[in-house]
Amino acid sequence: MQFSYSWLKTQANPNLSPDELSHLLTMAGLEVEETETAAPAFNGVVVAEVKSVEKHPDADRLNVTQVDAGTGELIQIVCGAPNVAVGIKVPCSLPGAVLPGNFKIKPTKMRGVVSNGMLCSTDELGLPDDGVDGLHILPTDAPVGADIREYLDLDDTLFTLKITPNRADCLGIKGIAREVSALTQCAFVPVAIQKAAVGSGKTQPVRIDAPEDCGRFISRVIENVNAKAATPVWMKQRLERSGVRPVSTLVDIGNYVMLEIGQPMHVFDADKISGSIIVRRAADGEVLECLNEKTVTLAADTLVIADEAKALSMAGLMGGEASAVSDDTQNIVLEAAWFKPEIIAGKSRQYGFGSDSSFRFERGVDYALQADAIERATELVLQICGGAAGEMVEALGELPAAHTVSVRLSRVEKILGVAVAAEQVETILQHLGLNPVKTAEGFEVTAPSFRFDIEIEADLVEEIGRVYGYENIPDDYTEGRMKMLALPETKRPRFALYNEIAVRGYQEVVSYAFVDEQWEQDFAANDSPIRLQNPLAAQYAVMRSTLIGSLVEILQNNLNRRQNRVRVFEIARVFKKDSDDRFQQKERIGGLWYGSALPEQWGEKARVVDFYDMKADVENLLKGEAVTFVKAEHPALHPGRTANIVSDGVVIGFIGELHPKWLQKYNLSQAALVFEIDMDAVLGCEKTRYQAVSKFQAARRDLAFVVPEHMSYDELLATLHAKANMLVQEINLFDVYRGAGLPEGTKSMAVKVILQDMENTLTDEVVESLMAKLIESATAIGAQLRG
């Protein structure tokens, strides 16, 4: 919500500087996101009247003007604007003036003719575009010689508020003024609503066929209006300073009333309506051409305003082109309604567009404000466009019931931590428009129609606290002790995990849990993902069951910015349904490595990262865990370069190279390595155990086995470990050979065996006996000792 300080002061003038008001509103819960002046800094610009215009003797597009700038004598100015004419009043920058951009004005010659200043356009003054090609034309009653900043109130301050969903009452100047009055105790003077004189017998019948969705609908016919009448300058200025672009007089009046008192309105061309206006649900598949030039197919859950022949507009969201007013309109129907917030909420996302009206209706509009809006709009239409107004016609549906809420002074003190005097509480509630009634324990209020969010005692305590001032509540009423709980020995600190993976060169990323449905099909073969009812956008339609899609998207973004070596990780939740169709969410850690194995340098030759580089990172993450890597298949990964990560017989994750078909689809020039592991497994670790270091010399034996090509190292290692005793400290692979000297379909794997005794020096007899057992166990699974 954007508003002008000058406009606010017409209803509540707190006599505060813009900075002071900004702080006050923010501390009261109406966060001020931004403040800015209505125009950039400039000086030396005054109102001037053009007295004469003559063609420049040496330039076809220039004119030599004589202007009265209030100095007592005419000033000669050369001007190239196409709309310069005798009698108009325009901004004039005199010598010595400084315009936006530090543009200094001084006397100059233009094609041999002296120019003692410059006549200005809106663009040259940094003002909103008025749609005029040339000078900014001022009203005829503008006082000659007046400082343009004062005349146009250009030192006005514009506030942008971040309104919370429960404070829809502050989406109009009236609501903000009421709030400022309560916070500062200044007078609250809302705009006076004058009852219009009825000068026409024409009325517009209305009917509500969806009473649960529309609580009130009021119409009024105004005949013989002048739709071509110009919107007054003061109204245009207030609209522009509230972030609303002026369109046409009748539309501007509707927008103005909405901003002034908070009630959205719509104006129909009365001659384009057939019979009664009907508020109903749309017929499934009904089509409407909207004012934003979009044609939409309406869903059955959409509320529409229709006549007896067709839909006229989407209730609370967007008007229809068929019933829109134009410069040829002669008779209009003013409409103001109250719609249940739930029927409007979500429609902006559903149809892909919204409006200032829908923003207000989906948060909740004052359900007693509609008649005032009609009367105010009628007053402005008659004042600006003329015409004759008919009687208002009202139809009623189901309106909200007012809540009666009590607040105890003892409860106020307990929650806020400070005693607030009963008189002060009564004053606060009174200024908020809650009309409190004294009770034995405190006060009772009936929530007014503009504060439907007040339902329980805690709501009133909050209102008292924020108006009393959070800054006025001492901070010495609360105390507590922070106790650091000991982390179990078998639990790894999260911070340590983040630090360890960052040390290995990975950067953390954070992405949406909502993803493109295609990612789920490509990277998880998930044809039934968890769908969102109201997605933020089409590409965020489902919940992710894997982190791979998000990591690949981040890789693409980096490659598009010439970052060719990418190492990223993310810790986040993934979402799935179990066999009983219940939702499950698990926290996972996912990583991606793309590009070279090492940063570019002189000491090592460049090579592309491979499976074993990332395997080392995964083993580091899972240090302390006895894990194995078992050949597997995964829809996202290369079928021959993928492994499941297994701990105690349970698959806790996977690792592998991205499938070649996804490299082509996602425009990757080389393979990316990815892993994904359950966080519970990563955070868990074995209890630390200590043992003495042996003082006896270790012995090493190397064994080379010829094994079938299909045999994995894990299979061989498991066999050897099964026969090893406590003397075997380490078994590690150090060579794999394929080629000459080996039978076809075989390979050679060489392992080193480290043996050491804690109490004795190992003898050859003990070592050779143990080695024979290891060789025997390997032979039993088809491995042959290589000669």
Side-chain angles (χ1 to χ4, degrees), residues 11 168-169 171-175 190-208 214-227 229 231 235 239 248-273 276-279 303 305 307 312-313 315-316 319 323-325 329-339 355-357 360-361 364-397 399 448-450:
Q11 297 192 34
D169 59 301
L171 290 172
I173 295 295
K174 180 179 180 181
V191 62
I193 304 298
Q194 305 291 337
K195 191 168 183 179
V198 175
S200 168
K202 186 76 178 291
T203 59
Q204 175 59 61
V206 296
R207 185 175 85 239
I208 298 176
C214 178
R216 177 179 281 116
F217 192 99
I218 301 178
S219 72
R220 166 173 273 166
V221 175
I222 303 180
E223 294 185 291
N224 301 319
V225 299
N226 176 17
T231 302
M235 182 179 288
L239 289 173
S248 65
T249 307
L250 294 173
V251 175
D252 292 347
I253 288 173
N255 287 333
Y256 182 83
V257 173
M258 175 185 70
L259 293 170
E260 186 175 57
I261 65 176
Q263 170 66 47
M265 297 188 65
H266 192 68
V267 184
F268 295 100
D269 188 320
D271 298 323
K272 297 177 182 178
I273 297 175
S276 298
I277 286 181
I278 305 165
V279 184
L303 192 67
I305 299 170
D307 61 14
L312 301 175
S313 69
S323 58
V325 293
T329 296
Q330 295 181 339
N331 306 305
I332 63 171
V333 175
L334 296 177
E335 168 261 306
W338 183 86
F339 302 116
S355 63
D356 289 332
S357 294
R360 287 162 172 79
F361 277 125
V365 170
D366 182 349
Y367 57 83
L369 199 57
Q370 290 70 48
D372 283 352
I374 291 289
E375 292 288 12
R376 178 60 171 154
T378 301
E379 177 187 358
L380 293 170
V381 170
L382 297 180
Q383 175 185 329
I384 300 168
C385 302
E391 291 281 2
M392 288 194 297
V393 177
E394 180 182 49
L396 292 176
L399 288 169
S449 56
F450 58 85

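As a basis for the values below, the full set of heavy atoms in this structure was taken, side chains included, without hydrogen atoms, waters or symmetry mates.
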Asker: Could you tell me if the side chain of Q370 sits less than 4.5 Å from the side chain of V365, heavy atoms only?
Answerer: yes
Asker: Of the non-hydrogen atoms in F339 and V279, which two are nearest, and what is the gap between them?
Answerer: CE2-CG1, 4.4 Å
Asker: Could you tell me whether the side chain of Q194 and the main chain of E375 form a donor-acceptor pair under 3.5 Å?
Answerer: no
Asker: Would you indicate whether the side-chain heavy atoms of N255 and L239 approach each other to under 4.5 Å?
Answerer: yes
Asker: Kindly write out the residues that satisfy salt bridge (Lys or Arg N to Asp or Glu O under 4.0 Å) with R360, not counting sequence neighbours, or none if the list is empty.
Answerer: none
Asker: Can you see which heavy atom on P264 is nearest to which on G262, and at what distance?
Answerer: CD-O, 3.4 Å
Asker: So which atom in S323 and which in L312 form the shortest heavy-atom distance, rounded to 0.1 Å?
Answerer: OG-O, 3.5 Å
Asker: Drop me the distance from I332's CD1 to D271's CG, to the nearest 0.5 angstrom.
Answerer: 11.0 Å
Asker: Is any side-chain heavy atom of M235 closer than 4.5 Å to a side-chain heavy atom of I384?
Answerer: yes
Asker: Could you check whether any side-chain heavy atom of K174 comes within less than 4.5 Å of a side-chain heavy atom of L369, counting everything from C-beta outward?
Answerer: yes
Asker: Mark yes or no for whether S200, through its side chain, and K202, through its backbone, hold a donor-acceptor pair below 3.5 Å.
Answerer: yes
Asker: Say you draw a straight line from CG of N331 to CD1 of I222; how long is it, rounded to the nearest 0.5 Å?
Answerer: 10.0 Å
Asker: Can any side-chain N or O of R216 pair as donor or acceptor with the backbone N or O of Y367 at less than 3.5 Å?
Answerer: yes
Asker: CD of E394: more than 12 outside heavy atoms within 6.0 angstrom?
Answerer: yes
Asker: Rounded to the nearest 0.5 Å, how far apart are CG of L303 and CD1 of I208?
Answerer: 9.5 Å
Asker: Side-chain contact, heavy-atom cut-off 4.5 Å: Q263 with F361?
Answerer: yes
Asker: Give me the atom names and distance for the closest heavy-atom approach of A377 to I253.
Answerer: O-CG2, 4.0 Å
Asker: D366 and A368: which non-hydrogen atoms are nearest, and at how many Å?
Answerer: OD1-N, 2.9 Å
Asker: Is there side-chain contact between Q11 and E260, with at least one heavy-atom pair below 4.5 Å?
Answerer: yes
Asker: With the side chain counted from C-beta on, respond yes when I277 and I305 share a heavy-atom pair under 4.5 Å apart, and no when they do not.
Answerer: yes
Asker: Let me know which of L396, V393, I374 forms a side-chain contact (heavy atoms from CB on, under 4.5 Å) with I218.
Answerer: I374
Asker: Do V267 and V251 touch side chain to side chain, with heavy atoms closer than 4.5 Å?
Answerer: no
Asker: Could you grab the distance from atom CZ of R207 to atom CD1 of I278, nearest 0.5 Å is fine?
Answerer: 4.0 Å
Asker: Over all heavy atoms of both residues, which pair between K272 and A324 is shortest? Give the atoms and the distance, please.
Answerer: NZ-O, 3.0 Å
Asker: State the CE-CE distance between M265 and M258, to the nearest 0.5 angstrom.
Answerer: 11.0 Å
Asker: Not counting sequence neighbours, which residues clear ring-ring contact (aromatic ring centres under 6.0 Å, His included) with F217? List them please.
Answerer: none
Asker: If I take atom CG from residue D356 and atom CG from residue L259, how far apart are they, to the nearest 0.5 angstrom?
Answerer: 7.0 Å
